[in-house]
Amino acid sequence: MRTLEIAVLMVSLAAAGVIVFRKRERRLDTAILSSLVLVMFLHGMMDHFRLQMLPTYLVAWILIIGFILRIIKPQAKVRLQTRFKKYLKKGLLTMVVMALTAGSMYLTHVLPAFTLPEPTGKYAIGTISQHLTDQNRDETLSAAPGDKRELMINVWYPVDPDVAKQKPKEPYPAELGDG
């Protein structure tokens with residue numbers, strides 16, 4: 001897991017802990033809400049959002065909405081609520097937050113983000129992308145009659161280093177990892 005992903009997890013768990021175990025306190029709620037929004041913003045801008053973290057993003061957005069409501073909505077007059085109901089709600093919230101957080105941790109472990117190394121050969125790398133259509137073959141998976149078979153290809157090939165020096169360097173495609 002990346003550093004900001006761990007920060008999102010930790011701040012989300014802390015925010016859930018504040019909702020479950022602390023009474024409403026406007027200053028604390030505002031501080032937790034600010035830190036949750038800040039860490040989500042930094043994570044999105046610096047590390048980019050990842051599918052593996054979707055359960056934690058869900059928890060974070062629910063907590064953000066919860067804290068906004070806690071700050072805006074004045075505390076209701078004391079309602080008589082049985083202790084059992086109160087502890088059941090808090091227990092369920094805790095279990096959901098823990099399960100979704102554990103799900104994110106598991107997904108980031110099973111599907112990690114990786115960084116590709118810099119190319120080390122003596123040749124530069126050229127690439128070309130082509131969208132090809134085979135006019136002799138009908139598309140079998142299309143509902144539209146008369147569709148032809150289509151194929152998208154990417155080709156990487158060695159290039160003379162002297163020619164490549166004049167061209168700007170481009171990063172790896174995002175689909176291949178961070179470059």
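- One distance of note links OG1 of T101 with CG of L13; it measures 4.5 Å at 0.5 Å rounding.
- Within the 4.5 Å cutoff, the side chain of L151 has no heavy atoms near those of the D134 side chain.
- Of the N and O atoms on the side chains of R2 and T108, not one donor lies less than 3.5 Å from an acceptor on the other residue.
- The number of heavy atoms from other shown groups lying within 6.0 Å of CZ (F49) is above 12.
- With hydrophobic clusters built from ILVMFWY side chains whose heavy atoms lie under 4.5 angstrom apart, Y106 does not share a cluster with M98.
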Between W61 and M40, is a side-chain contact (heavy atoms from CB on, under 4.5 Å) present by the stated rule, with each step listed? CA-CA 9 Å; W61 283 110; M40 285 289 289; 3.7 Å; yes

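- In this structure a side-chain-to-backbone donor-acceptor pair under 3.5 Å is missing from T127 to W156.
- Atom CE of M152 has more than 12 heavy atoms from other residues, nucleotides or ligands within 6.0 Å.
- Here the closest heavy-atom approach between residue I32 and residue A15 is recorded as CG2-CB, 3.5 Å.
- Follow the hydrophobic side-chain contacts under 4.5 Å out from F41 and you never reach V8; the two are in separate clusters.
- Nearest heavy atom pair, residue D29 against residue R70, reads OD2-NE, 3.0 Å.
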Go through it in stages, so that I can follow the logic: the residues are L111 and R50, the test is side-chain contact (heavy atoms from CB on, under 4.5 Å), and I'd like the CA-CA distance, side-chain angles, deciding distance and then a yes or no. CA-CA 10 Å; L111 306 167; R50 295 192 314 136; over 6 Å; no

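- Residues I65 and L36 do not share a hydrophobic cluster, clusters being chains of Ile/Leu/Val/Met/Phe/Trp/Tyr side chains in contact below 4.5 Å.
- In terms of heavy atoms, E150 sits closest to T133 at CG-OG1, 3.9 Å.
- The shortest non-hydrogen separation linking D47 to L4 is OD2-CB, 3.5 Å.
- For the pair F67 and T30, the minimum side-chain heavy-atom distance is 4.5 Å or more.
- At a threshold of 4.5 Å between non-hydrogen side-chain atoms, the residues V155 and I153 count as touching.
- Between H43 and Y57, the ring planes are tilted. Angles from 30° to 60° get that label.
- The hydrophobic clustering, which links ILVMFWY residues whose side-chain heavy atoms are closer than 4.5 Å, places L93 and M10 together.
- In this structure, H131 places its NE2 atom where more than 12 heavy-atom neighbours from other residues, nucleotides or ligands lie under 6.0 Å away.
- Taking CE from M105 and CD from E5, the interatomic distance works out to 11.0 Å, rounded to the nearest 0.5 Å.
- Cluster annotation: F21 and L69 are assigned to distinct hydrophobic clusters (Ile/Leu/Val/Met/Phe/Trp/Tyr, side-chain heavy-atom contacts under 4.5 Å, transitive).
- L63 and S12 get closest at one heavy-atom pair: CD1-O, 3.3 Å.
- Atoms CD1 and CD1, on I19 and I62 in that order, are 10.0 Å from each other to the nearest 0.5 Å.
- In this structure, L100 and L58 have side chains that are in contact, with non-hydrogen atoms separated by less than 4.5 Å.
- Counting all heavy atoms, side chain and backbone alike, Q52 lies closest to P55 at O-CD, 3.8 Å.
- Not a single donor-acceptor pair under 3.5 Å links the side chain of R137 to the backbone N or O of K148.
- A salt bridge is absent between D138 and R149; no separation between the charged side-chain nitrogens and carboxylate oxygens falls under 4.0 Å.
- With contacts defined as side-chain heavy-atom distances shorter than 4.5 Å, the pair M53/L107 does not qualify.
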